[in-house]
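Model, not experiment: these values are computed from the prediction. Proteins get letters first, then strands, A, B, ... in listed order; numbering begins at 1 in each.
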Amino acid sequence: MFKFLKVLVKNILQGPATEAFPLQPAKTPDRFRGRVTLNPDLCVGCGICSHVCSGDAIRIIPNEEKTGYHYTVWYNSCCLCGSCTYYCPTKAITMTNNWHNSHKQDDKFKMAEHHFIPYLKCDGCGAPIRLLPPHLATRIYAHSPVDIEKIIRLCPSCRQIATAERQGELNESNPE
Amino acid sequence: METKQHETKSFSLPLGPIHVALEEPMYFKLELEGERVKHVDITSGHVHRGMELLATKRNFFQNVVLTERVCSLCSNSHPLTYCLAVENLAGIQVSPKAQALRVLAEEIKRTASHLFNVAILAHIIGYKSLFMHVMEVREIMQDVKETVYGNRMDLAANCIGGVKYSVNLELIEFIEKSLVRTEKHIKEIIDIYATDKMILRRTTNVGRISAEDVIKYGLVGPVARGSNVRIDTRKTAPYLIYDQLDFDMITETGCDVHSRAMVRLRETLESIKIIKQIIRNIPEGELNTLLPHIPAGEAMARSEAPRGELFYYVRTDGTDMPLRLKWRVPSYMNWDALEVMMKDCEVADVSLIVNSIDPCVSCTER
């Protein structure tokens, strides 16, 4: 008993162990997995996020005119596992350390992030494509002499043709 | 006033499924003779969620998250063992760095889990201030989890083929600092639990189970080690990098509630020893294999969860969903032995004995 009394006295001298939230801000670590957010500029619509999402919180649906797609993340279905962030190839979807998710019952259908992400028309054939984020393109074509600005605005088949043409020109100028 | 003559009556007493001293729903029908328990009937199934069926409706990546939510206290052991089973099936080699980080997550969780159980012991015997103190010490580990992994319970550390996180120098320093604090407190707590008269009086010679019965009932984890049976998957069938680490298997000879609590407390120190070895020497390498293909076949894996040996079985047909995912949790064997531990015990000790096996009802009933 005496041993514990010593601990008790120490704890009393130490003061409260709890944080005074909401009177004071609560300490939140940088890595805290809070509300999900999407950067629409980086999203290429590959769908890996909704494939790995275990809460079924992510919806990617093309619009009727096929000019783009609707991207929706439902905060209340999200279980904050961070799989989408982890598997996202362009790191378009990330987790903030915002844990303030409480809301009124009436607002439950507003607890979502929605983006309409338009398709781009391929410069070659006009097919709807998503622009490859330039920062990824510079990594992919780092050792290739292509015009990145041009090639990222082409669909995969037009890109193949462009590559073949370029290769052909190279072969002609360099017969050996 | 006429004093009633005391007579020993036989009657049955329902305990649970909702009870102040039980963290999770479990129903006991106790046959009593006066204050003594003569027979105990356990009814379970109150938190059955059909998770094994759910697992067959989800792909391999979603199941990592699903298994993490089987139970909160062993929420790292489940996805880890599931990943180990799937990796065994697909023949994926996990890099030494990922293995070390997996062990790190396991041991941080083990420390917090053991401290939680020992705190609840103090709570049940009415030693509230000690309960609060142990929970506050556990809070240091909770802060480590929140800072390193981003959540207090669900670490999301594992993925098929490796781990999702890495630690930088700043975090290693933070972990180290927290460990020093926890270790100091735990040594103090061990001393209190080993010598405090109030604790000793309530816990020694209560809920006894002999080593023979431990083997007969197939008990695992701290319950078996509290009866001096040397079973620890980390030692008997080493997985990850446990065979390269220096730690001891803790056993006690008391066979009662007190020795099981002491095993847990002393094991936290061993876990801290393991964490220290890991953070000082994290190997270089890849963190994981991204999106591997899982072929058809079947495989199993086992690991030492805080409560004992955890076993996973997986069968696949080459698609991205498992045909069957089955897990056997340590509490499944351990709670069967409650009838031995509770034989002839006082009715007031029932919840104490239940807590001593550290039952994880949501794991067992999934």
Side-chain angles (χ1 to χ4, degrees), chain A residues 1-19 21 25-37 46-58 77-91 93-99 101 136, chain B residues 54-55 58-69 79 122 127 129-130 132-137 139-140 143-152 154-160 163-165 167-168 170-171 174 185 188-199 287-288 290-291 320:
Chain A
M1 197 69 196
F2 179 69
K3 277 173 191 157
F4 187 63
L5 279 178
K6 251 172 50 188
V7 174
L8 261 187
V9 171
K10 247 191 278 172
N11 280 357
I12 288 169
L13 292 178
Q14 212 179 67
T18 47
E19 279 160 351
F21 185 80
K27 203 175 147 259
T28 310
D30 295 337
R31 282 198 182 186
F32 186 85
R33 295 198 308 274
R35 189 182 277 196
V36 184
T37 184
C46 68
I48 187 72
C49 49
S50 67
H51 179 71
V52 297
C53 177
S54 37
D56 211 4
I58 300 172
S77 301
C78 171
C79 65
L80 306 174
C81 64
S83 296
C84 51
T85 304
Y86 187 72
Y87 287 107
C88 178
T90 62
K91 300 292 167 231
I93 189 160
T94 48
M95 301 195 91
T96 61
N97 62 358
N98 172 10
W99 46 270
N101 266 337
L136 269 187
Chain B
L54 257 179
R58 276 146 196 275
N59 64 39
F60 291 105
F61 306 103
Q62 292 172 320
N63 277 334
V64 178
V65 182
L66 181 75
T67 49
E68 187 149 40
R69 276 139 184 91
Y127 207 156
S129 39
L130 180 61
M132 289 292 191
H133 177 65
V134 180
M135 286 304 261
E136 201 184 319
V137 174
E139 205 56 33
I140 304 174
D143 282 344
V144 169
K145 288 192 260 177
E146 200 173 18
T147 312
V148 178
Y149 302 94
N151 195 291
R152 284 164 56 86
D154 294 328
L155 306 187
N158 291 286
C159 65
I160 296 169
V163 287
K164 290 197 222 167
Y165 78 104
V167 281
N168 54 25
E170 196 187 336
L171 284 173
F174 173 74
H185 284 300
E188 208 170 53
I189 291 170
I190 289 182
D191 195 23
I192 291 167
Y193 273 79
T195 54
D196 195 292
K197 277 197 184 124
M198 204 146 93
I199 291 172
L287 281 176
N288 60 29
L290 265 178
L291 299 171
D320 64 348

Colleague: Answer yes or no: is there a side-chain heavy-atom contact under 4.5 Å between A:Cys46 and A:His51?
Modeller: no
Colleague: Pick one of side chain, backbone, both or neither for A:Val52, based on which atoms fall under 4.5 Å of a heavy atom in chain B.
Modeller: both
Colleague: With a 4.5 angstrom heavy-atom cut-off, is it the side chain or the backbone of B:Asn151 that approaches chain A, or both, or neither?
Modeller: both
Colleague: Considering residues at least two apart in sequence or located in another chain, which fulfil the ring pair (Phe, Tyr, Trp, His ring centres under 6.0 Å) criterion with A:Tyr86?
Modeller: none
Colleague: For B:Glu188, is it the side chain, the backbone, both, or neither that has a heavy atom closer than 4.5 Å to a heavy atom of chain A?
Modeller: side chain
Colleague: Answer with side chain, backbone, both or neither: which region of B:Arg152 has an atom nearer than 4.5 Å to a non-hydrogen atom of chain A?
Modeller: neither
Colleague: Who passes ring pair (Phe, Tyr, Trp, His ring centres under 6.0 Å) against B:Tyr193, sequence neighbours left out?
Modeller: none
Colleague: Taking everything shown except B:Met132 itself, do over 12 heavy atoms lie less than 6.0 Å from its CE?
Modeller: no
Colleague: Taking every non-hydrogen pair under 4.5 Å, which of B:Asp154, B:Val64, B:Leu130 racks up the most with chain A?
Modeller: B:Leu130
Colleague: What distance separates A:Arg35 CZ from A:Asn98 CG, expressed to the nearest 0.5 Å?
Modeller: 5.0 Å
Colleague: Counting heavy-atom pairs under 4.5 Å with chain A, which one of B:Leu66, B:Val148, B:Asn63 comes out on top?
Modeller: B:Val148
Colleague: Under a 4.5 Å heavy-atom cut-off, does chain A meet the side chain of B:Leu171, its backbone, both or neither?
Modeller: side chain
Colleague: Is A:Cys79 close to chain B through its backbone or its side chain, or both, or neither, when contacts mean heavy atoms under 4.5 Å?
Modeller: both
Colleague: Tell me, side chain or backbone of B:Tyr165 under 4.5 Å from chain A's heavy atoms, or both, or neither?
Modeller: side chain
Colleague: Mark yes when over 12 heavy atoms from residues, nucleotides or ligands other than A:Asp30 sit less than 6.0 Å from its CG; otherwise mark no.
Modeller: no
Colleague: Under a 4.5 Å heavy-atom cut-off, does chain A meet the side chain of B:Asp143, its backbone, both or neither?
Modeller: neither
Colleague: Between A:Asn97 (side chain) and A:Pro29 (backbone), is there a donor-acceptor pair under 3.5 Å?
Modeller: yes
